[in-house]
Peer 1: 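Let me begin by handing over the structure; questions about it come next.
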Amino acid sequence: MATITAERQATIKEIVCDILELEENEVTDTSLFIDDHGADSLRAIEILASLEKEFKITIDQSELSEMVNLEKVYQVVSEAPSR
């Protein structure tokens, strides 16, 4: 697995919290977006699109099912190809 900087992790968390309308202290690396925070598939697509735009990467739609918490999002972003 590729590593991801603390700065990039902070940006990812900020994007996720903004889209899910949560405070950063409400979301942990392992809390589940759907089960713990009531996210839906539309929010997941918003997160994916925002991450692609922010980091100029391409994330395959099939990765959405993997992006269940911050830990998995960090992994997907770190492995995503640059545009």
Side-chain angles (χ1 to χ4, degrees):
M1 179 173 97
T3 57
I4 189 163
T5 65
E7 182 180 328
R8 192 169 261 208
Q9 282 184 345
T11 303
I12 291 168
K13 186 171 186 174
E14 189 177 311
I15 288 169
V16 168
C17 290
D18 186 49
I19 291 170
L20 297 181
E21 299 176 358
L22 297 167
E23 296 297 322
E24 289 194 26
N25 63 355
E26 294 179 85
V27 180
T28 67
D29 285 353
T30 57
S31 62
L32 301 173
F33 299 151
I34 294 171
D35 296 344
D36 298 331
H37 304 299
D40 58 21
S41 57
L42 183 59
R43 300 265 192 216
I45 293 168
E46 283 183 64
I47 291 169
L48 185 143
S50 294
L51 293 171
E52 286 184 324
K53 185 177 178 182
E54 175 70 26
F55 298 116
K56 296 175 178 44
I57 57 176
T58 302
I59 301 172
D60 194 278
Q61 291 273 337
S62 65
E63 297 285 354
L64 272 176
S65 62
E66 296 294 316
M67 298 169 62
V68 296
N69 59 26
L70 281 174
E71 212 169 62
K72 294 291 188 178
V73 174
Y74 298 153
Q75 183 178 343
V76 168
V77 169
S78 70
E79 295 170 354
S82 297
R83 285 195 223 145

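In this text, all values refer to a predicted model and were calculated from it rather than measured experimentally.
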Peer 1: I want to check something: taking the side chain as every heavy atom from C-beta on, are Ile34 and Val68 in contact at a cut-off of under 4.5 Å?
Peer 2: no
Peer 1: Got a second to check how far Glu66's CD is from Gln75's CD, nearest 0.5 Å?
Peer 2: 7.5 Å
Peer 1: To check you understand the geometry: which heavy-atom pair defines the closest contact between Asn69 and Phe33, and what is its length?
Peer 2: C-CZ, 3.4 Å
Peer 1: CD1 of Ile19 to CD1 of Ile47: how many Å apart, nearest 0.5 Å?
Peer 2: 5.0 Å
Peer 1: Is there a chain of hydrophobic side chains (I, L, V, M, F, W, Y, each step under 4.5 Å between heavy atoms) that links Val16 to Leu32?
Peer 2: no
Peer 1: How close do Ala44 and Leu64 get, counting heavy atoms only, and between which atoms?
Peer 2: O-CD2, 3.5 Å
Peer 1: Quick check against the 3.5 Å criterion: does Arg83 have a side-chain atom that pairs as donor or acceptor with the backbone of Glu52?
Peer 2: yes
Peer 1: Distance from Gln9 atom CD to Leu70 atom CG, nearest 0.5 Å?
Peer 2: 8.5 Å
Peer 1: Count the heavy atoms of every other residue, nucleotide or ligand shown that sit under 6.0 Å from NZ of Lys13, and state whether that count exceeds 12.
Peer 2: yes
Peer 1: Hey, what do you get for OG (Ser41) to CG (Leu48), rounding to the nearest 0.5 Å?
Peer 2: 12.0 Å
Peer 1: Should Leu51 and Val76 be marked as a side-chain contact (heavy atoms from CB on, under 4.5 Å) after you check the CA-CA gap, both sets of side-chain angles, and the distance that decides it?
Peer 2: CA-CA 10 Å; Leu51 293 171; Val76 168; over 6 Å; no
Peer 1: Counting C-beta onward and ignoring hydrogens, is there a side-chain heavy-atom pair between Thr28 and Asp36 closer than 4.5 Å?
Peer 2: no
Peer 1: With hydrophobic residues grouped by side-chain heavy-atom distances under 4.5 Å, do Ile57 and Met67 end up in a single group?
Peer 2: yes
Peer 1: Measure the CD-CD1 distance between Glu46 and Ile15 for me, rounded to the nearest 0.5 Å.
Peer 2: 12.0 Å
Peer 1: So, Glu26 side chain and Glu23 main chain: donor-acceptor pair closer than 3.5 Å or not?
Peer 2: yes
Peer 1: Atom NZ in Lys72, atom OG in Ser65: separation rounded to 0.5 Å?
Peer 2: 10.0 Å
